[in-house]
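Okay, structure first, notes after.
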There are 2 protein chains.
Amino acid sequence: MEKSLKRMTTMNRMQVTGLELFYKNGYYNTSVDDILKELSLSKGAFYYHFDSKEDFFVQIIQNLLVRKIYSSLIEPIEGHEHTLDLIINCFEDALETAVHNEMDYGFLLSNFINEFNGRNEEVMKHLNEILRIWEVTLVSAIQRGKFNGHIDRHVDAEGVAVYLMSSYIGIRTLMVENTPSARKYRFMSQLRQYFKSIEVKQSSF
Amino acid sequence: MEKSLKRMTTMNRMQVTGLELFYKNGYYNTSVDDILKELSLSKGAFYYHFDSKEDFFVQIIQNLLVRKIYSSLIEPIEGHEHTLDLIINCFEDALETAVHNEMDYGFLLSNFINEFNGRNEEVMKHLNEILRIWEVTLVSAIQRGKFNGHIDRHVDAEGVAVYLMSSYIGIRTLMVENTPSARKYRFMSQLRQYFKSIEVKQSSF
DNA sequence: CAAATAACTGACTAATGGGTCTGTTTTTCG
DNA sequence: CGAAAAACAGACCCATTAGTCAGTTATTTG
């Protein structure tokens with residue numbers, strides 16, 4: 001465990017740059033040399049720290065990707081306020097971040113899933129695991145909402161979760177094209193519309 | 001125009017196999033040799049018919065991809081019946097097809113968009129063009145629904161279109177994992193729920 | 001301070017990539 | 001039939017790839 005500071009620093013630098021390039025160009029379309037050139041490091045340094053390109057990527061998933069998804073999509077909805085508001089704000093923030101990326105390459109997680117699906121079972125296991133955690137978090141948020149009386153108790157929590165995940169994954173793909181801001185706005189409006197249909201009607205009294 | 005039958009046959013065979021492999025493995029992860037091996041053809045044959053791998057792919061888009069999207073997602077909603085039913089049936093059929101693919105690699109169009117985004121402007125132009133046509137078709141379907149009195153006249157047609165596209169793209173990505181059938185079912189239920197919120201309330205009378 | 005170990009260099013390998021080119025076979029057509 | 005054109009074969013080229021390895025430099029530690 002007592003990994004030296006220098007070791008950690010170099011490994012982290014490699015992973016950060018690696019994720020950046022994998023996100024930009026895709027895993028198969030980014031060579032180890034590309035990453036090394038960016039960092040002015042040599043082959044020897046890379047294979048001293050990592051067993052292979054795949055091992056490198058798996059470590060990136062565990063060290064960086066998981067954290068990113070956690071901080072942007074998991075933790076924000078684990079609060080105890082009004083569930084649907086939490087989700088709205090979470091999506092709003094995540095999409096706003098994407099809008100402000102001058103160069104947006106879509107949703108990290110779904111990009112990698114598309115790239116590795118059917119081609120690398122090992123990596124897919126890790127990516128699906130993250131998806132599963134996201135799904136579980138959403139399901140329990142919905143159920144909390146039902147319990148708290150904010151969400152209609154007849155709604156299918158799993159269904160809502162799948163629908164939310166789908167729409168988020170899709171809008172991130174659509175936003176890479178022109179006018180991400182307009183699309184984000186339209187998306188959020190419709191999301192609110194959908195939410196109105198599953199929340200408890202505040203009967204006028 | 002009078003392209004010989006033999007020429008057309010060979011080119012078509014190459015394109016069909018090419019699309020198959022590009023879909024399975026991705027464009028950058030499929031070599032020209034891979035395609036040629038599958039067909040027992042030689043380099044000479046390939047470069048006799050196509051200028052480059054990119055030219056080959058653009059022709060695949062125009063000849064095969066466009067038609068696929070048209071027949072599965074465009075034409076089915078151009079009818080004149082109840083708009084939302086058309087869309088429901090269209091999505092239902094498209095997703096059911098995906099479920100029955102023993103090996104599903106996601107939504108062709110969005111996979112390629114993810115792969116080429118920021119890496120090949122030329123190819124992206126063609127892919128975005130298809131997206132645009134899909135969007136326009138959905139928008140006019142919604143507007144037709146408003147005009148016919150099936151859809152609430154206050155709804156934002158563009159917004160609904162973006163939301164529908166997003167959710168479809170996303171569910172196709174989610175369905176590549178386990179239990180595509182269950183996810184499809186949940187998705188369709190929520191889609192109906194959403195549609196209830198934008199259709200004209202049939203006031204009980 | 002020195003020896004050991006950690007961190008790194010960069011030349012090398014074997015495989016594979018897209019693409020070229022010379023030549024052979026097949027088809028067309030007068 | 002026979003010549004021209006079309007369709008194709010496959011060896012070759014050069015750049016790039018993941019990964020190896022013997023050697024060098026930096027850092028710890030006794």
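Each chain gets a letter, A, B and so on, in the order the sequences are listed, and its residues count up from 1.
- There is no side-chain donor-acceptor pair under 3.5 Å between A:Asn12 and A:Thr9.
- In the set D:dA9, D:dA18, C:dC8, D:dA9 carries the atom at the smallest distance from any side-chain atom of B:Ser42.
- Side-chain nitrogen and oxygen atoms of B:Tyr47 include none within less than 4.0 Å of the OP1 or OP2 phosphate oxygen of C:dT20.
- In this structure, B:Arg172 contributes its side chain and B:Gly106 its backbone to a donor-acceptor pair below 3.5 Å.
- Not one side-chain nitrogen or oxygen of A:Ser4 sits closer than 4.0 Å to the OP1 or OP2 atom of D:dT27.
- Screening B:Tyr48, B:Phe46, B:Tyr47 for a ring-ring contact (aromatic ring centres under 6.0 Å, His included) with B:Phe50, the sole residue that qualifies is B:Phe46.
- Taking atom CG on B:Leu41 and atom P on C:dT25, their separation rounds to 17 Å, with Å as the unit.
- Between A:Tyr27 and A:Gly44, the residue anchored closer to the 5' end of DNA chain D is A:Tyr27, taking for each the nucleotide with the nearest heavy atom.
- Between A:Arg7 and C:dA6 there is no side-chain polar atom (N or O) within less than 4.0 angstrom of OP1 or OP2.
- Separating the CG atom of B:Asp51 from the C1' atom of C:dC21 is a distance of 16 Å, rounded to the nearest angstrom.
- Heavy atoms of B:Thr9 sit nowhere under 4.0 angstrom from any nucleic acid atom.
- Atoms CD1 (A:Ile35) and P (D:dG19) sit 12 Å apart, rounded to a whole Å.
- The side chain of B:Lys6 has C:dT27 as its nearest neighbour among C:dG18, C:dT27, D:dT17.
- Contact annotation: B:His49 does not reach the phosphate of D:dA6 (side-chain N/O to OP1 or OP2, under 4.0 Å).
- Put simply, the side chain of B:Lys43 and the base of C:dG19 share a donor and an acceptor less than 3.5 Å apart.
- Side-chain atoms of B:Tyr23 come within 3.5 Å of backbone N or O of B:Tyr105 as a donor-acceptor pair.
- With 3.5 Å as the limit, one finds no donor-acceptor pair spanning the side chains of A:Asn148 and A:His150.
- Across the protein-nucleic acid pair, A:Met11 atom CE and C:dC8 atom C1' stand 14 Å apart, rounded to whole Å.
- Listed nucleotides: D:dA18, C:dA6, C:dG19. Nearest to the side chain of A:Tyr48: C:dA6.
- Taking atom CG on A:Leu39 and atom P on C:dT9, their separation rounds to 10 Å, with Å as the unit.
- Atom CE of A:Met8 and atom P of C:dA6 are 16 Å apart (whole Å).
- The CZ atom of B:Phe46 sits 9 Å away from the C1' atom of C:dG18 (whole-angstrom rounding).
- Look at NZ on A:Lys37: it is 13 Å from C1' on D:dT17, rounded to the nearest Å.
- Closest approach to the B:Ser31 side chain among D:dT17, C:dG17, D:dC8 is made by C:dG17 (side chain taken as heavy atoms from C-beta onward).
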